[in-house]
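As the structure is a computational prediction, the values presented were derived from the model and not from experiment. By convention in this document, chain letters (A, B, ...) are assigned in the order of the sequence lines, proteins followed by strands, and residues within each chain are numbered from 1.
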2 protein chains.
Amino acid sequence: MTYCVGMLMDAGLVLMSDTRTNSGVDNISTFRKMNHWEVPGERIVALMSSGNLATTQAVVSKLEERTKAPSERHNCVLEAPTMFQIASIVGKALRETIAERDQSNGLQASGTFSATLILAGQIKGMEPRLFLIYPEGNFIEATPDTPFFQIGETKYGRPILIRGYDPAMSFEDAIKLLMVSFDSTLKANLSVGMPLDLLVIERDRLEPTLETRITATDPWYRVISASWSDSLRAALDGLPDFPMQTRQSKA
Amino acid sequence: MTYCVGMLMDAGLVLMSDTRTNSGVDNISTFRKMNHWEVPGERIVALMSSGNLATTQAVVSKLEERTKAPSERHNCVLEAPTMFQIASIVGKALRETIAERDQSNGLQASGTFSATLILAGQIKGMEPRLFLIYPEGNFIEATPDTPFFQIGETKYGRPILIRGYDPAMSFEDAIKLLMVSFDSTLKANLSVGMPLDLLVIERDRLEPTLETRITATDPWYRVISASWSDSLRAALDGLPDFPMQTRQSKA
């Protein structure tokens, strides 16, 4: 499994992804699921992936034209004029990669090679944009109604995102919100694992404001993880009790 | 879908279940998923169900021997000497019901008629006990390490249960915790719906302490649902910010 979240805010974009890949529960590895490409001052484009690792690595290789000699490569992500066109190109590469694997492995393997992507970025003179790209190659874009996308193990960490998200929040608050969402998921699903990759893309800066990895021993992470239980219990304590006395009668 | 939780605490047992059943998203109904039987002063036994409604209703009918004339019925749930034996009987009835449907519908329907149950109760002179019964008819019992069971749409509401559960909590606190867990699930999955059924089984009382239905217009529910977002945001605010300034360098 995997857990990745991309969040579109007034201030820009924040992306977080875990690094665990697994085949069963007895074969786990650490792989980066977040890639980004930049032309400083002109564009920054980031991609996060969930699903079959061979598929998502192949998609990235195709985008970078790694089948060609280094001097002949044209990374279309760095050249397409709009984020929408990049989403189309990435979607097409994803669809083709999955179709090739499916074709050569027959019906039995249907679904095995599937993958889903989150694409985020900004090109100079245009807005920061966030897309969810499906295995079928089509995609949807984040809007004020649905300003964040999750892929992989999305459910455990979703309620806090729904409650905590605010488009006007600072990057610090957004990272804290994502950290709590990831911590809930890490505690519930063994196939989501530390360390986490974090990328902050500030509006109109057109290069990463922050790119870092949060490890299991990170002092800030340990404080968040340890104190969130207490914070939640305190929040629960603050809610009104169920009026048991007035409801004693059987319904 | 469905969401049911059974929780074993020092004070006794608390059960909560939603009432929505659906076939697709355009055919939804309200059905009670919680049943209980009692011999006041001697035993109380409750059953919650998720999965195929025809299956779970058939299991309850079998337990109550509704195929027989009313005067000849013996409800085994009211007669078995231990909760463990009741769990065995219920598991067997569940397994048989699913197998009958599967058999008469062939391989294509495999899984369609499946269901999972939570069994809770106490018999005089013995401890309150809580079981999770699988479609295969086998079951596990709650222990101090795993003191609550969820069935149906379990993921959205799980993180708060993990964080908030305390065996020494009062019934009021337990109901509040369940309410928040259900509210997170209700907000995320349309196939879980109000009203909610609530049953409180106090240790050694051997009859329901509280049996009630919480509707969407319940004033207490509305306060919890409305104020939980604010409580969570305040809890997030109380956590330390991510030290962005000291992490500005690229990893």
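- Taken to the nearest 0.5 Å, the CH2 atom of B:Trp228 stands 6.0 Å off from the CG atom of A:Leu239.
- In terms of heavy-atom pairs under 4.5 Å with chain B, the best-connected choice from A:Ile162, A:Thr154, A:Ile214, A:Asp173 is A:Ile214.
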Problem set entry | Check against side-chain hydrogen bond (donor to acceptor under 3.5 Å, both in side chains), B:Lys33 and B:Thr2 | CA-CA 9 Å; B:Lys33 298 169 192 174; B:Thr2 285; 2.9 Å; yes

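- Heavy-atom distances place no part of B:Asp230 under 4.5 Å from chain A, backbone and side chain included.
- Note on B:Lys187, B:Glu172, B:Lys176: by heavy-atom pairs under 4.5 Å with chain A, the leading option is B:Lys176.
- Checked against the 6.0 Å centroid criterion, the rings of A:Tyr3 and A:Phe182 qualify as a close aromatic pair.
- Most heavy-atom pairs under 4.5 Å with chain A, from the set B:Ser184, B:Ser227, B:Gly157, B:Ala235: that is B:Ala235.
- The parts of B:Leu177 that come within reach of chain A are both its backbone and its side chain, each placing non-hydrogen atoms under 4.5 angstrom from that chain.
- Side-chain contact check for B:Thr143 and B:Asp145: no donor-acceptor pair (N or O, by modelled atom type) lies under 3.5 Å.
- Looking at A:Arg203 and A:Gln122, their side chains never bring a donor and an acceptor atom within 3.5 Å of each other.
- Residues A:Lys124 and A:Glu207 are not paired through a salt bridge, judged by the lack of any N-O separation under 4.0 Å between the basic side chain and the carboxylate.
- Most heavy-atom pairs under 4.5 Å with chain A, from the set B:Asn189, B:Leu236, B:Asp237, B:Ile175: that is B:Leu236.
- Residue contact with chain A, scored on non-hydrogen atoms closer than 4.5 Å, involves the side chain of B:Leu198 exclusively.
- Considering only heavy atoms from C-beta on, A:Leu196 comes within 4.5 Å of A:Met179 through its side chain.
- Looking only at heavy-atom pairs under 4.5 Å with chain B, the residue among A:Leu232, A:Thr185, A:Val200, A:Asp166 that has the most is A:Leu232.
- The candidate from B:Phe171, B:Tyr221, B:Tyr156 with the greatest count of non-hydrogen atom pairs under 4.5 Å with chain A is B:Tyr156.
- Most heavy-atom pairs under 4.5 Å with chain B, from the set A:Asp183, A:Asp197, A:Leu199: that is A:Asp183.
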